[in-house]
Amino acid sequence: MMVDLEERVSELENWTDGKGLILCGAAETFCSGSDLNAVRAISNPQDGMKMSMFMQNTLTRLLRLPLISVALVEGRALGGGAELTTACDFRLMASDSVIQFVHKHMGLVPGWGGGARLVRIVGSQNALKLLGGALKVDPKLGLQIGLADGVVEDAQTVEAPGSHLEQAEKWLGTYIKGPAPVIQAVKKVVLSGRELPLSEALKTEMGVFGTVWGGPANLQALASKSKHK
Ligand SMILES: CC[C@H](C(=O)O)C(=O)SCCNC(=O)CCNC(=O)[C@H](O)C(C)(C)COP(=O)(O)OP(=O)(O)OC[C@H]1O[C@@H](n2cnc3c(N)ncnc32)[C@H](O)[C@@H]1OP(=O)(O)O
């Protein structure tokens with residue numbers, strides 16, 4: 001799974017027209033973390049460090065993709081699976097889903113970069129509670145602390161507008177509407193603001209601004225005399 005994920009990220013890095021990505025599980029579980037059988041075979045510090053390095057590299061590249069990504073959490077996201085959710089820009093949770101950093105129960109801490117990313121998403125106080133208590137985060141708690149950005153309802157629910165995936169596509173649609181270069185520029189500006197010291201982020205923003213100023217979408221908008229009512 002780790003190697004497959006790295007290969008998909010490499011493919012996505014070459015997706016020049018990409019604007020959005022929805023990451024979801026294959027069955028009723030988003031991701032239950034590392035394969036425990038594989039983990040047992042590499043349960044020594046040297047191999048653990050190699051896995052950490054590999055997964056930090058993969059997940060950092062996933063988060064830095066020039067598109068807007070959403071983790072659609074159905075069922076459980078446990079351990080490494082919880083860390084994986086933090087490598088997306090947004091998290092949408094199905095009504096019965098749970099995100100749980102079970103690391104403490106495994107005598108571990110996150111090693112795929114999920115600890116550092118969690119602090120940035122929910123703040124250090126909440127991160128300490130989630131990791132220290134290995135708390136089960138349901139949609140209500142997720143929304144309350146900012147780990148979840150929205151909830152998708154079950155298809156059977158009368159008012160539900162479609163499958164979880166359809167709801168996630170609709171939700172994401174708001175943020176990826178428009179030309180790819182503009183959406184990609186939005187992501188780059190936010191990413192640099194999130195990751196870089198202010199002076200460097202400002203330089204990056206200017207560079208990105210230069211790629212869209214006077215560009216096709218900008219000129220078209222100027223020509224159309226649009227009003228933002
Ligand atoms: C802590 C961080 C660490 C890291 O790498 O950094 C990890 O991520 S370690 C992995 C942490 N995850 C777990 O410990 C998951 C343990 N499994 C469960 O809690 C349950 O299996 C659950 C909740 C995912 C599903 O429970 P349910 O009752 O619905 O089904 P089963 O338990 O019967 O599971 C079906 C089948 O899947 C196997 N399974 C589930 N998760 C893993 C896993 N992470 N690795 C390997 N195999 C997994 C489970 O053993 C069952 O197999 P079966 O042959 O049918 O008995």
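What you see is a predicted model; the values in this text were computed from it and never measured.
- In this structure a side-chain-to-backbone donor-acceptor pair under 3.5 Å is missing from Thr85 to Ala71.
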Any chance you could lay out the side-chain contact (heavy atoms from CB on, under 4.5 Å) test for Val212 and Asn218, step after step, and finish with the verdict?
-> CA-CA 7 Å; Val212 287; Asn218 179 223; 5.9 Å; no
Let me see the working for Val119 and Ser124 under side-chain contact (heavy atoms from CB on, under 4.5 Å), right down to the final yes or no.
-> CA-CA 5 Å; Val119 169; Ser124 61; 4.2 Å; yes
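- Between Leu63 and Asp89, the shortest heavy-atom distance links the atoms CD1-OD1, 3.8 Å.
- At least one side-chain heavy atom of Ile121 sits less than 4.5 Å from a side-chain heavy atom of Arg91.
- At a cut-off of 3.5 Å, with distance as the only test, no side-chain donor of Thr204 or Glu200 sits close to an acceptor on the other residue.
- The distance from atom CG of Asp17 to atom CG of Leu67, rounded to the nearest 0.5 Å, is 11.5 Å.
- By the 4.5 Å heavy-atom criterion applied to side chains, Ser32 and Arg76 are not counted as neighbours.
- Within a 6.0 Å radius of CH2 in Trp15, more than 12 heavy atoms belonging to other residues, nucleotides or ligands are found.
- Closest approach of Val73 and Gly75 over heavy atoms only: CG1-O, 4.0 Å.
- Contact check for Arg117 versus Leu59: side-chain heavy atoms found under the 4.5 Å cut-off.
- The shortest distance between side-chain heavy atoms of Leu5 and Leu84 falls below 4.5 Å.
- The shortest heavy-atom contact between Ala217 and Val182 is CB-CG2, 3.8 Å.
- Residue Arg120 qualifies as open at atom CZ: its count of foreign heavy atoms under 6.0 Å is 12 or below.
- Taken to the nearest 0.5 Å, the NZ atom of Lys129 stands 8.5 Å off from the CG atom of Leu135.
- The cluster map of Ile, Leu, Val, Met, Phe, Trp and Tyr, joined by side-chain heavy atoms under 4.5 Å apart, puts Val151 and Leu165 in different clusters.
- Although no hydrogens or angles enter the test, the distance criterion places a donor-acceptor pair under 3.5 Å between the side chain of Lys187 and the main chain of Leu65.
- A side-chain donor-acceptor contact under 3.5 Å links Ser10 and Arg61.
- No side-chain heavy atom of Ser69 sits less than 4.5 Å from a side-chain heavy atom of Leu23.
- Two residues are said to be in side-chain contact when any heavy atoms from C-beta on lie closer than 4.5 Å; Glu83 and Met55 fail this criterion.
- The CH2 atom of Trp213 lies 10.0 Å from the CG atom of Leu219; values are rounded to the nearest 0.5 Å.
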Given side-chain contact (heavy atoms from CB on, under 4.5 Å), test Leu21 with Leu172 step by step and report yes or no.
-> CA-CA 9 Å; Leu21 172 74; Leu172 179 58; 6.0 Å; no
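- How far CD1 of Ile145 is from CG of Leu118: 7.5 Å, rounded to the nearest 0.5 Å.
- Side chain of Thr60 to backbone of Asn57: no donor-acceptor contact under 3.5 angstrom is found.
- In this structure the side chain of Ile99 never reaches within 4.5 angstrom of the side chain of Lys136, judged on heavy atoms.
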Does the side-chain contact (heavy atoms from CB on, under 4.5 Å) test come out yes or no for Trp112 and Thr58, once each step is laid out?
-> CA-CA 9 Å; Trp112 297 359; Thr58 300; over 6 Å; no
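- Summarising the geometry of Pro66 relative to Lys188, their closest heavy-atom pair is CB-CE, 4.2 Å, with the distance given to 0.1 Å.
- By the 6.0 Å contact criterion, CD on Gln125 is open, its count of non-hydrogen atoms from other residues, nucleotides or ligands being 12 or less.
- For CD of Glu28, the number of neighbouring non-hydrogen atoms (other residues, nucleotides, ligands) closer than 6.0 Å is 12 at most.
- In Met1, the CE atom is crowded: over 12 heavy atoms of neighbouring residues, nucleotides or ligands sit closer than 6.0 Å.
- Of the possible donor and acceptor atoms, one in the side chain of Gln167 sits under 3.5 Å from a partner among the backbone N and O of Glu153.
- Here the closest heavy-atom approach between residue Ala134 and residue His105 is recorded as CB-NE2, 3.5 Å.
- With rounding to the nearest 0.5 Å, the separation of CD in Glu6 from CG in Asp4 is 10.0 Å.
- Between Trp171 and Asp149 there is a side-chain heavy-atom pair separated by less than 4.5 Å.
- In terms of heavy-atom proximity, Ser97 sits nearest to Met93 at OG-CB, 3.3 Å.
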